[in-house]
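All values derive from a computational prediction rather than experimental measurement. Note on naming: letters A, B, ... go to the chains in the order of the sequence lines (proteins, then strands), and numbering restarts at 1 for each one.
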2 protein chains.
Amino acid sequence: MFSKACEYGIRASIYIASQSLEGTRVSLKEIAEKIDSPVAFTAKVLQQLSKNKIIESVKGSSGGFEISKNNILRIKLSQIVYAIDGNNVYEGCGLGLKRCNAKEPCPVHNRFVEIRAELKNMLESTTLYDMTMGLEQGLTYLRR
Amino acid sequence: MFSKACEYGIRASIYIASQSLEGTRVSLKEIAEKIDSPVAFTAKVLQQLSKNKIIESVKGSSGGFEISKNNILRIKLSQIVYAIDGNNVYEGCGLGLKRCNAKEPCPVHNRFVEIRAELKNMLESTTLYDMTMGLEQGLTYLRR
DNA sequence: ATTAAATCGGACAAAATTGTCCTAGTTTAT
DNA sequence: ATAAACTAGGACAATTTTGTCCGATTTAAT
């Protein structure tokens with residue numbers, strides 16, 4: 001569904017958010033450990049998220065990554081996905097046709113429209129805060 | 001959502017089905033033309049579908065691919081997807097965790113469960129026949 | 001029998017994705 | 001000032017996916 005890069009990006013964002021809520025900035029190394037991802041590859045993903053204003057990076061000693069409370073509340077899962085995977089998830093025909101729409105649909109167009117709409121709706125209504133909630137209470141996991 | 005291989009596989013199956021309903025067996029070359037896919041790559045996909053009894057291949061001159069009326073009615077989209085992409089679509093955590101279930105969920109597990117269930121339901125309730133219908137009437141397209 | 005039109009299947013090639021390494025900066029603390 | 005702990009980013013490597021090529025085999029028609 002999502003690329004590996006995107007999966008790491010979402011997991012990283014959630015971890016950074018949970019730590020930011022506690023008032024602590026986290027390093028790349030710590031993030032990679034906590035979400036069980038390859039360090040250098042995760043670095044690239046974080047750069048991308050940083051450029052897209054999803055997370056904030058602080059250089060230098062005692063630097064690291066963080067997200068402001070406001071952004072934790074505001075940022076939607078859809079924005080993270082878009083920053084890394086673009087709009088492939090929303091657009092894009094289920095059968096890979098370049099031009100596929102209500103007027104000139106592929107044989108499964110109508111069936112896919114509904115599901116895609118629900119997916120989109122879910123991604124757009126889930127905030128970083130929503131995803132962070134369970135973590136601190138030990139109800140959800142980022143590495144398994 | 002699906003791999004390229006799977007997209008080609010679904011489109012090819014639909015085209016073969018539509019031609020089989022007309023009583024004509026089709027060659028690899030014709031299929032690739034009609035669904036706008038790379039010939040040799042499509043050949044591999046068709047081999048896989050053939051091994052999985054989704055389509056029937058006939059060797060030799062005047063050979064090609066076909067699907068029996070019974071199978072056109074019986075075969076579900078889910079079977080085609082499974083034959084090529086395995087169960088990645090159904091199983092597999094949205095965030096890429098190996099172990100992610102109701103008891104030890106990732107932060108988006110519950111949100112994904114619903115969507116995945118609907119997708120599964122759609123794939124399992126759509127037959128090859130269903131997908132073939134619109135084609136002959138010029139209502140749907142396989143290459144665009 | 002020979003030829004032509006097919007699929008089959010192995011080996012290879014290209015492209016995209018995933019992952020690694022190393023150097024250059026930046027910032028804080030001493 | 002210097003060292004230590006960071007991120008930034010370019011270059012490269014490995015893996016997976018996608019795509020190609022070609023010889024072998026099968027079958028029908030002549």
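- Distance, B/E7 CD to D/dG19 C1': 15 Å, rounded to whole Å.
- Rounded to whole angstrom, the span from the CZ atom of A/F41 across to the P atom of D/dA8 amounts to 16 Å.
- Residue A/Q47 places at least one side-chain N or O closer than 4.0 Å to OP1 or OP2 of D/dG9.
- Mapping B/G64 and A/Y8 onto DNA chain C by nearest heavy atom places B/G64 at the nucleotide closer to the 5' end.
- Here D/dA5 presents its C1' atom at 13 Å from CZ of A/F65, a figure rounded to the nearest Å.
- Atom CD of A/E30 and atom P of D/dA5 are 15 Å apart (whole Å).
- For the pair B/R144 and B/Y141, the cation sits on the ring face: its NZ or CZ lies under 6.0 Å from the ring centre, inside 45° of the axis.
- A pairwise comparison of heavy atoms in A/G134 and A/T140 identifies C-OG1, 3.3 Å as the closest pair.
- Phosphate contact (OP1/OP2 of D/dA8, side-chain N/O of A/S57, threshold under 4.0 Å): present.
- Cation-pi check for B/K120 over B/Y90 is met; the charged atom lies under 6.0 angstrom from the ring centroid and within 45 degrees of its normal.
- Atoms CD (A/E56) and C1' (D/dT7) sit 15 Å apart, rounded to a whole Å.
- For the pair B/L46 CG and D/dG19 C1', the computed distance is 14 Å after rounding to whole Å.
- Environment of CD in B/E114: sparse, with no more than 12 heavy atoms of neighbouring residues, nucleotides or ligands closer than 6.0 Å.
- For A/S50, the listed nucleotide lying nearest its side chain is D/dA8; candidates were D/dA5, D/dA8, D/dG9.
- Taking a cutoff of 4.0 Å between a charged side-chain nitrogen and a carboxylate oxygen, A/E66 and A/R25 qualify as a salt bridge.
- Taking a heavy-atom distance under 4.0 Å as the criterion, the stretch of DNA chain C touched by chain A extends 5' to 3' from C/dT18 to C/dT28.
- Using a 4.5 Å heavy-atom cutoff, the side chains of A/T127 and A/I72 are not in contact.
- Nearest-nucleotide assignment on DNA chain C puts the 5′-proximal partner with A/T42, out of A/T42 and A/G60.
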Please walk me through it: do A/S37 and A/T42 pass side chain to side chain donor-acceptor pair (under 3.5 Å)?
CA-CA 7 Å; A/S37 66; A/T42 304; 2.6 Å; yes
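- Contacts of B/V58 with the nucleic acid, taken as non-hydrogen atoms under 4.0 Å apart, involve only primed sugar atoms and P, OP1 or OP2.
- Nucleic acid contact for A/K29: none, since no nucleic acid atom lies under 4.0 Å from a heavy atom of the residue.
- Straight-line distance from the CG atom of B/L28 to the P atom of D/dC21: 14 Å, rounded to whole Å.
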